[in-house]
There are 2 protein chains.
Amino acid sequence: METNQHVEKFYQAWGTLGSNWGINKTMAQIHALLLISENSLTTEDIMEKLNISRGNTNMNLRALMDWGLIQKEHKKGERKEHFVAEKDIWKVSRLIARERRKRELEPALKILEELRSIKDTDAESKRFKKQIDEVYKFTSMVDSILDKFIKSNTSWMMKIFAYIAK
Amino acid sequence: METNQHVEKFYQAWGTLGSNWGINKTMAQIHALLLISENSLTTEDIMEKLNISRGNTNMNLRALMDWGLIQKEHKKGERKEHFVAEKDIWKVSRLIARERRKRELEPALKILEELRSIKDTDAESKRFKKQIDEVYKFTSMVDSILDKFIKSNTSWMMKIFAYIAK
DNA sequence: ACAAATTTTCAGAAATAATTGAAAGTTTAA
DNA sequence: TTAAACTTTCAATTATTTCTGAAAATTTGT
């Protein structure tokens with residue numbers, strides 16, 4: 001079966017991409033695997049295909065559920081848990097944006113807000129404040145765009161993307 | 001001096017943010033330090049403020065220069081190298097986007113293109129190809145937006161951002 | 001050409017992150 | 001209930017990344 005090699009290539013690539021963006025490689029690979037699987041997969045299926053331990057598989061499946069990227073599926077007559085991924089890539093991108101905004105951007109923004117509110121008036125503090133202010137303004141703009149994006153639907157996204165790319 | 005504590009808080013936060021996005025913590029901290037320094041700094045200055053070794057400092061300064069985020073500055077009468085950061089946060093964001101696109105998005109896109117060109121015709125391959133296709137289309141759209149963004153200037157960016165956020 | 005000042009390199013050490021696997025916990029069917 | 005089927009947890013191990021520091025290389029002033 002040729003397709004297996006292609007599937008492997010895909011989840012290897014997705015794993016590398018993920019780890020360059022601060023996401024655990026295995027998590028990204030499991031996600032890739034489910035993303036291109038027609039049918040739901042069990043923990044065993046995943047362990048076998050990716051050659052990883054039960055513990056590792058379980059932990060990363062939980063993480064993917066936390067992110068909202070995959071879901072449990074119960075098959076009648078089967079006791080094992082089956083997992084399916086959200087397949088719509090636009091929706092996937094919104095889910096990822098949501099989590100990263102929450103986990104990384106928001107805490108950074110909080111610190112910038114804190115630093116911005118300094119009341120010192122000597123020259124050095126003023127300069128520092130001014131630079132922080134620019135960083136803050138930029139970051140909160142990114143934050144609000146992300147927010148818009150997360151709450152939007154696919155057709156809005158497509159419209160905006162087309163507008164920008166034109 | 002109060003400001004020092006604030007400066008420290010800033011580069012700690014920036015370092016954490018960086019490492020969550022696949023950028024070496026020290027690199028992000030040096031960048032933060034230079035970003036809010038009025039004057040250029042030497043390797044010694046940085047080693048001292050961040051409490052890191054000469055080798056580490058040197059490597060990360062090179063990396064920051066590769067990214068185009070900082071530059072050498074020669075001071076008359078001084079033999080040591082001094083470094084200054086690009087201060088305009090809009091420009092900084094374009095430089096970061098450029099590097100990440102080049103280093104991570106482009107290689108991923110190349111693999112997707114490869115997988116997309118499979119000629120197999122059995123049902124499973126067709127399904128696989130269809131899903132890859134969607135991922136590819138989304139990714140190349142992101143890629144072209146990033147390209148536009150990188151080549152744009154600040155006022156274009158502000159206009160687009162305002163349009164989206166409205 | 002020399003030597004002091006400075007920068008670069010990189011093998012080994014240290015720190016951090018991911019993974020395993022087996023024991024403990026939970027669920028379910030009879 | 002009980003026990004088999006299955007999932008979860010987490011201490012210990014393994015892998016990966018980052019950092020150090022001293023030696024080598026380079027640059028510059030005399």
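Chain identifiers are assigned alphabetically (A, B, ...) following the order of the sequence lines, protein sequences preceding nucleic acid strands; residue numbering begins at 1 within each chain. Keep in mind that what you see is a predicted model, and the values were worked out from it rather than measured.
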Problem - Test: A/R62 and A/E81 ion pair at under 4.0 Å - result: yes
Problem - Side-chain ion pair, B/E8 and B/K49, N-O less than 4.0 Å - result: no
Whole-Å gap separating [atom2] ([N]) and [atom1] ([X]):
| X | N | atom1 | atom2 | result |
| --- | --- | --- | --- | --- |
| B/N51 | D/dT20 | CG | C1' | 13 Å |
| B/L50 | D/dT20 | CG | C1' | 15 Å |
| A/E78 | D/dT7 | CD | P | 10 Å |

Completion exercise
Contacted region of DNA chain C by chain B, from 5' end to 3' end of the hits, cut-off under 4.0 Å to heavy atoms, spans C/dA4 to C/dT9
Practice task
Could you tell me whether a side-chain N or O of B/Q131 sits under 3.5 Å from a main-chain N or O of A/K87, the two making a donor and an acceptor?
Solution key: yes
Problem - Donor-acceptor under 3.5 Å (B/D45 side chain, B/T42 main chain) - result: yes
Practice task
Hey, can you tell me if A/F128 and B/F10 have their rings parallel, tilted or perpendicular (30° and 60° cut-offs)?
Solution key: perpendicular
If you look only at distance, which donor and acceptor atoms sit under 3.5 Å apart when one is on a side chain in residues 104-111 of chain B and the other is two or more places apart or in another chain?
unit_1, atom_1, unit_2, atom_2, d
B/E104, OE1, B/R100, NE, 3.0
B/E104, OE1, B/R100, NH2, 2.8
B/E106, OE2, B/R101, NE, 3.4
B/E106, OE2, B/R101, NH2, 3.1

Fill in the blank from the handout: So salt bridge (charged side-chain N to carboxylate O under 4.0 Å, His left out) across residues 24-42 of chain A, not counting sequence neighbours, yields A/E38-B/R127
Polar atoms only, N or O, under 3.5 Å: list the protein pairs with nucleotides 22-30 of chain D and their distances.
unit_1, atom_1, unit_2, atom_2, d
D/dT27, O2, B/R79, NH2, 2.9

Side-chain heavy atoms of [X] within contact of [Y], under 4.5 Å:
| X | Y | value |
| --- | --- | --- |
| A/K72 | A/F83 | yes |
| B/E44 | B/R54 | yes |
| B/V92 | B/W67 | no |
| B/L33 | B/W14 | no |
| A/L17 | A/I23 | no |

Under the side chain to side chain contact (heavy atoms under 4.5 Å, CB included) test, which residues partner [X], sequence neighbours left out?
| X | answer |
| --- | --- |
| A/K137 | A/D133 |
| B/S37 | B/L41 |
| A/N56 | A/T26, A/I52, A/S53, A/N60 |

Taking only heavy atoms on the protein side, list every residue of [range] lying under 4.0 Å from any atom of DNA chain C, sorted numerically.
| range | result |
| --- | --- |
| residues 34-48 of chain B | none |
| residues 57-68 of chain A | A/M59 |
| residues 98-108 of chain A | none |
| residues 10-32 of chain A | A/N24, A/T26 |

Problem - Heavy atoms from other residues, nucleotides or ligands near CD of B/Q71 exceed 12 (cutoff 6.0 Å) - result: no
Completion exercise
Here the gap from B/T154 atom OG1 to B/K91 atom NZ, rounded to the nearest 0.5 Å, amounts to 8.5 Å
Fill in the blank from the handout: Contacts of B/W90 meeting ring-ring contact (aromatic ring centres under 6.0 Å, His included) (sequence neighbours excluded), chain-then-number -> A/F138, B/F161
